[in-house]
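The chain is numbered in sequence order, starting from 1. The structure displayed is predicted, hence computed values, not measured ones.
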Amino acid sequence: MGTSQKRAIQNYRTRLGERGLVRFEVLGREGDRELIRTLGRRLAEEGPEAARLRAAVTRSIAGEPPRTGGILAALRRSPLVGAELDLQRAREDGRHVEI
């Protein structure tokens with residue numbers, strides 16, 4: 001490999017490092033190639049989706065039990081929070097049936 005190619009690779013890796021990324025090699029099955037590439041691209045992104053994906057993969061690999069309160073957290077993220085909905089129902093005793 002020529003010196004210009006080595007310099008180009010070094011510059012590329014420096015630019016990756018400035019973005020907080022590193023290059024590494026992973027061994028896997030041929031059928032998982034696209035899955036691993038897609039996972040890598042998603043994890044390299046910034047934002048809440050990458051953080052959720054990272055947390056889910058970490059929990060899955062670590063074998064930790066899922067955290068409680070997931071439904072409550074989802075309801076709190078709902079767009080209907082603060083919509084002042086009236087969810088009360090009228091209480092009825094029902095009808096009288098002779099047996």
field: Main-chain N/O of Ala56 paired to Ser60 side chain as donor or acceptor, under 3.5 Å
entry: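 No; zero donor-acceptor contacts below 3.5 Å.
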task: Examine distances only and state if a side-chain atom of Arg54 and a backbone atom of Leu43 form a donor-acceptor pair shorter than 3.5 Å.
output: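 Present.
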message: Between Tyr12 and Thr14, is there a side-chain heavy-atom distance shorter than 4.5 Å?
response: no
message: When you compare the side chain of Arg7 with that of Gln10, does any pair of heavy atoms fall below 4.5 Å?
response: no
- request: Using a cut-off of 6.0 Å, state whether more than 12 heavy atoms not belonging to Leu72 lie near its atom CG.
  value: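 Counting neighbours around CG of Leu72, more than 12 heavy atoms of other residues, nucleotides or ligands fall under 6.0 Å, so yes.
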Flag if over 12 foreign heavy atoms under 6.0 Å of CD, Glu46: no
message: Count I, L, V, M, F, W, Y as connected when their side-chain heavy atoms are under 4.5 Å apart, and connections chain through other members. Are Val26 and Leu21 then in the same cluster?
response: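 No; tracing contacts between hydrophobic side chains, which count when under 4.5 Å, never links both residues.
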query: Is it the case that one hydrophobic cluster holds both Ile61 and Ile36, taking links as side-chain heavy atoms less than 4.5 Å apart, direct or via other members?
result: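 Different clusters.
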Interatomic spacing from [atom1] in [X] to [atom2] in [Y] - rounded to 0.5 Å:
{"X": "Glu34", "Y": "Asp32", "atom1": "CD", "atom2": "CG", "value": "10.5 Å"}
{"X": "Leu39", "Y": "Arg41", "atom1": "CG", "atom2": "CZ", "value": "10.0 Å"}
{"X": "Leu27", "Y": "Glu25", "atom1": "CG", "atom2": "CD", "value": "6.0 Å"}
{"X": "Thr38", "Y": "Leu53", "atom1": "OG1", "atom2": "CG", "value": "10.5 Å"}

field: Test: Arg15 and Glu18 ion pair at under 4.0 Å
entry: no
- prompt: Any idea which heavy atoms bring Val81 and Arg76 closest together, and the distance?
  reply: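 Scanning both residues completely, I find the closest heavy atoms to be CG2-O, 3.3 Å.
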query: Which pair of non-hydrogen atoms, one from Glu98 and one from His96, has the smallest distance, and what is that distance?
result: CG-NE2, 4.0 Å
query: Does the side chain to side chain contact (heavy atoms under 4.5 Å, CB included) test come out yes or no for Leu75 and Leu80, once each step is laid out?
result: CA-CA 9 Å; Leu75 290 173; Leu80 295 176; over 6 Å; no
